[in-house]
Amino acid sequence: MRTRFAPSPTGYLHIGGVRTALFNWLFARHHGGQFILRIDDTDQQRHVEQTLRPILDGFRWLGLDWDEGPDVGGPHGPYFQSDKLPRYQAAVNALLTCGAAYKDYARPEELEFERQEAQQRKESFRYSRRWMATSPEDESRFAAEGRAAVVRLKMPREGNLVITDQIRGEVQFAWAGEPDTVIQRADGTCLYHLASVVDDYDMQISHVIRAEEHLSNTPRQIFIAQRLGYPLPCYAHVPYVAEPGSKNKLSKRKLSQYLKQKDFADLMRRGERIAERMHWATSPETFNPVVVDFYRQIGYGTDALINYLLLLGWSWDDRTEYFSRQEMITRFSLDRVNNSPASFDPQKLSAFQDHYSQLLTVEQKFDLVLPYLQGAAMVASPPTPSELQLTRQIVQAAGDRISIAGDILDYQDFFVADDQLLYEADDVEKRLVKATDAQELLRRFRTQLERADDFSAESLELLLKKFVQEEGIKIGQIIHALRVAVTGKSVGFGMFEILQILGKERSLARMDRILGQLALRQTC
RNA sequence: GGCCCCGUCGUCUAGCCCGGUCUAGGACACCGGCCUUUCACGCCGAUAACACGGGUUCAAAUCCCGUCGGGGUCACCA
């Protein structure tokens, strides 16, 4: 079993493309076959290297390894269409010779005229073949008129074709409805349909697993293969990935429209918050939730992404949600691929990420998070031992709150100098100003803290409990005020962990600073 | 418009091929509650779907026909 994914070098990896690639990869791995990467660059100019790199990097990041293709080579190369021009030329000649294709000398405007005429009559367009050359005499006559020739498929105009699709079952087409597709341009370069069929044959692809939009291209490709005497691969057309909340195909260019949807907007905002702290120059070309690299950049894990994508259109049973790589390989089959489009749901992706990130140890998370702190210049590069320790403690205390690696940047307050800490005005108002006795209680508790020689979370908790008891107050009367005093806001992780992380000196400094400011405010 | 595909909770889906066990199951989200020093996690609970209409049948989400709706594709793009 041999499958392939044939991206064109566009500079980015589309989320739907990855899903298709994943299915190809899984299918090949399941059957112990090969997964081939081939570059569809018939239409590309020179910068292939530049636009291909991000795609290959994306595959590597995701762990979708290819057995043959760019960087790794293989016995059925070349794996770049741009390197196979003579090969395609030979195929075109063969098609011409056997009468499956013809040279067409129509000018674009003449074709356009026919097309419009058909539209006016509300008929489907079918080329008249008026400028089809049927003899060398025709060719020289047309050429004398200054016409250039393209090569078109000479499609049958009667009969039907039944395709047995592995996912959709039997699909019937009438040959008469198939257009005389151009397979070679006037300048001699070849087009996708031809190249694709020739490549699939050369690379001995057994299963063509691709997006649904190619279903209607299949008849003409089968026609080419048949007339060239190639054995037909099995076809499987997977439904495309749809926009959140609709059945339209997900498209990178429609980002601004998706942003009107809350979940998508939230995801984007989360990304932008990270990008901002990292000082990234972002553009919708690469920093876009439709593009896979977006997730790598902000710190998603590949386990979550792959698992989510797997379930977008495929299922094993009525309840299994989590699959290891090995489990997916073992269980994957085409017949459990769904046949209706599935819309992309950022929230569900997040839920998978939450799950997989909870499986990580503190040390693993620590490693993931560190580059972000360095990138945001919140720690030095390389980090000092005390910064490393601080980070480790934060990761530990944050627990589930850090889901994607970039989430660490939300804990900037621990890294900022004590006299630079920003306070949420509303929180200060509510917990330190309006709350009666809050400031006084803080002052009194401060002296206790100062005397404490054990600043561990456990002993701090005992200390506060004792204080609360002695004062005859409820813990809520002081703890919120304390939190705002040392972190600047009213939400965060466990109070005693916060104090432990900051340590005595910093905790006191922060308390003193805000208490001083508030005292000053009162006298004014 | 032609051709093709698709149609189960808001979303991802199980069930459909081989009709009864489906008063339609799971997950995410949402809502409510519990836990609790806040947030998050966790736990418990609730709401929520067979597009519609005809058949066939003792019985239809499941089979047949039609309608409607959504989408894909109709390039000298891939």
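Scope of the values below: all heavy atoms of this structure, side chains included, with no hydrogens, waters or symmetry mates. Chain naming here is simple, since letters A, B, ... match the order of the sequence lines and numbering starts at 1 in each.
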Requested in this report: Side chain of E213(A) only, please: which of A40(B), A14(B), G72(B) is the nearest?
Outcome: G72(B)
Report task. Rounded to the nearest angstrom, tell me the gap between atom NE2 in H355(A) and atom C1' in A40(B). Result -> 17 Å
Query raised in the report: Of the nucleotides U37(B), U13(B), C28(B), which one has an atom closest to the side chain of A342(A)?
Result: U13(B)
Query raised in the report: Does R336(A) make a side-chain N or O approach to OP1 or OP2 of G15(B) shorter than 4.0 Å?
Result: yes
Report task. Provide the distance between the two C1' atoms, one in A59(B) and one in U23(B), to the nearest whole Å. Result -> 15 Å
Report summary line: By the Watson-Crick or G-U definition, both distances under 3.5 Å, U11(B) is matched with A27(B)
Requested in this report: Tell me what R431(A) touches on the nucleic acid: a base, only sugar-phosphate, or nothing, going by heavy atoms under 4.0 Å.
Outcome: nothing
Query raised in the report: Is the distance from OP1 or OP2 of C5(B) to the nearest side-chain N or O of S340(A) less than 4.0 Å?
Result: no
Query raised in the report: Contact class for A106(A) vs. all strands (heavy atom < 4.0 Å): base, sugar-phosphate, or nothing?
Result: base
Query - 5' precedence on RNA chain B between E178(A) and K465(A) (nearest-nucleotide basis) - result: E178(A)
Requested in this report: Quick one: label G245(A) by what it contacts on the DNA or RNA (base, sugar-phosphate, nothing), any heavy atom closer than 4.0 Å.
Outcome: nothing
Report task. Check every strand shown and say whether F493(A) touches a base, only sugar-phosphate, or nothing at a heavy-atom separation below 4.0 Å. Result -> base
Report summary line: Under a 3.5 Å limit on both distances, the Watson-Crick or wobble mate of G2(B) is U73(B)
Query raised in the report: Reckon D400(A) touches a base, only the sugar-phosphate, or nothing at all at heavy-atom distances under 4.0 Å?
Result: sugar-phosphate
Report task. Test for a donor-acceptor pair under 3.5 Å between the base of A27(B) and the side chain of K348(A), counting only N and O atoms. Result -> yes
Query raised in the report: Between G25(B), C12(B), C76(B), which one does the side chain of R319(A) approach most closely?
Result: G25(B)
**Report entry** Short side-chain N/O contact from R210(A) to OP1 or OP2 of A78(B), under 4.0 Å
**Finding:** no
Report task. Would you mind reading off the distance between D40(A) atom CG and C77(B) atom C1', rounded to a whole angstrom? Result -> 11 Å
Requested in this report: Rounded to whole angstrom, note down the C1' distance from A51(B) over to C35(B).
Outcome: 43 Å
Report summary line: C18(B) -> Watson-Crick or G-U wobble partner, both distances under 3.5 Å, gives none
Requested in this report: Measure from NZ or CZ of R152(A) to the centre of the six-membered ring of Y127(A), then state whether that distance is under 6.0 Å and the direction lies within 45° of the axis.
Outcome: yes
Query - Rounded P spacing from C34(B) to U8(B) in Å - result: 37 Å
Query raised in the report: So what does Q358(A) hit on the nucleic acid, given a heavy-atom distance under 4.0 Å: a base, only sugar-phosphate, or nothing?
Result: sugar-phosphate
Query raised in the report: When the P atoms of G66(B) and A75(B) are considered, how many whole Å apart are they?
Result: 29 Å
Query raised in the report: RNA chain B: E461(A) or A398(A), which has the more 5' nearest nucleotide?
Result: E461(A)
Requested in this report: Please report the closest heavy-atom contact between P9(A) and D40(A), naming both atoms and the distance.
Outcome: CD-O, 3.5 Å
Query raised in the report: With both distances under 3.5 Å as the test, what is the Watson-Crick or G-U wobble partner of U38(B)?
Result: none
Query - U67(B) - base-pair partner by Watson-Crick or wobble geometry, distances under 3.5 Å - result: A51(B)
Report task. For C12(B), take OP1 and OP2 only and decide whether either is under 4.0 Å from a side-chain N or O of K247(A). Result -> yes
Requested in this report: May I ask you to check whether Y258(A) and F344(A) place their ring centres under 6.0 Å from each other?
Outcome: no
Report task. Determine the interatomic distance between P on C30(B) and the same-named atom on U11(B); round to the nearest Å. Result -> 16 Å
Query raised in the report: Base, sugar-phosphate alone, or nothing: which one does F496(A) contact when heavy atoms must sit under 4.0 Å apart?
Result: base
Query raised in the report: Would you call R269(A) and D266(A) a salt bridge, using N to O less than 4.0 angstrom?
Result: yes
Query raised in the report: Under 4.0 Å: is that the gap between some side-chain N or O of N338(A) and OP1 or OP2 of C6(B)?
Result: no
Query raised in the report: Which whole-number value in Å describes the distance from E212(A) CD to G7(B) P?
Result: 10 Å
Requested in this report: Choose from U37(B), C76(B), G72(B) the nucleotide whose nearest atom is closest to any side-chain atom of V150(A).
Outcome: C76(B)
Report task. Please report the shortest heavy-atom distance between R210(A) and T218(A), naming the atom on each side. Result -> NH1-OG1, 3.3 Å
Query raised in the report: Taking OP1 and OP2 of U38(B), is either one under 4.0 Å from a side-chain nitrogen or oxygen of S490(A)?
Result: no
Query raised in the report: Which atom pair, heavy atoms only, marks the closest approach of E213(A) to S216(A)?
Result: O-OG, 3.9 Å
Query raised in the report: Between U11(B), C76(B), A40(B), which nucleotide has the shortest distance from any of its atoms to the side chain of D345(A)?
Result: U11(B)
Requested in this report: Taking atom C1' in both C12(B) and G55(B), compute the distance separating them and give it to the nearest angstrom.
Outcome: 33 Å
Query raised in the report: Heavy atoms under 4.0 Å, any strand shown: does H214(A) hit a base, just sugar-phosphate, or nothing?
Result: base
Report summary line: Separation between CD (E471(A)) and CD (E440(A)), nearest 0.5 Å, reads 8.5 Å
Query - Nearest-Å distance once atom P is located in both A60(B) and G53(B) - result: 14 Å
**Report entry** Donor/acceptor link under 3.5 angstrom from R401(A) side chain onto base of C39(B)
**Finding:** yes
**Report entry** Among U37(B), C6(B), C77(B), the one nearest R185(A) by side-chain distance
**Finding:** C77(B)
**Report entry** Pairwise C1' distance for G15(B) and A27(B), with rounding to whole Å
**Finding:** 16 Å
Query - Between T164(A) and Y235(A): side-chain donor-acceptor atoms closer than 3.5 Å - result: no
Report task. Report yes if a side-chain nitrogen or oxygen of N217(A) is closer than 4.0 Å to either non-bridging phosphate oxygen (OP1 or OP2) of G72(B); otherwise report no. Result -> no
Query raised in the report: What is the distance from CG of D180(A) to P of C74(B), rounded to the nearest Å?
Result: 15 Å
Report summary line: From the candidates U37(B), C28(B), A78(B), the one with an atom nearest any side-chain atom of Q347(A) is C28(B)
Query raised in the report: Has K348(A) got its NZ or CZ under 6.0 Å from the middle of the six-membered ring of Y308(A), at an angle within 45 degrees of the ring axis?
Result: no
Report task. Could you tell me the separation between the CZ atom of R270(A) and the C1' atom of A40(B), rounded to a whole number of Å? Result -> 12 Å
Report task. Figure out the CG/P separation between L482(A) and U38(B), and round it to whole Å. Result -> 14 Å
Query raised in the report: Taking the side chain of F173(A) as heavy atoms from C-beta outward, which of C4(B), A78(B), C5(B) is closest to it?
Result: C4(B)
Query raised in the report: What nucleic acid atoms does G492(A) come within less than 4.0 Å of, heavy atoms only: base, sugar-phosphate, or nothing?
Result: base
Query raised in the report: Atom CG of N339(A) and atom P of U13(B): how far apart are they, to the nearest Å?
Result: 10 Å
Query raised in the report: For C12(B), does either OP1 or OP2 sit under 4.0 Å from a side-chain N or O belonging to S343(A)?
Result: yes
Query raised in the report: Relative to Y79(A), does R38(A) satisfy both conditions: NZ or CZ under 6.0 angstrom from the six-membered ring centre, and within 45 degrees of the ring's axis?
Result: no
**Report entry** Atom-to-atom span, CG of L194(A) to P of C77(B) - whole angstrom
**Finding:** 13 Å
Query - Phosphate contact (U73(B) OP1 or OP2) by K249(A) side-chain N/O below 4.0 Å - result: yes
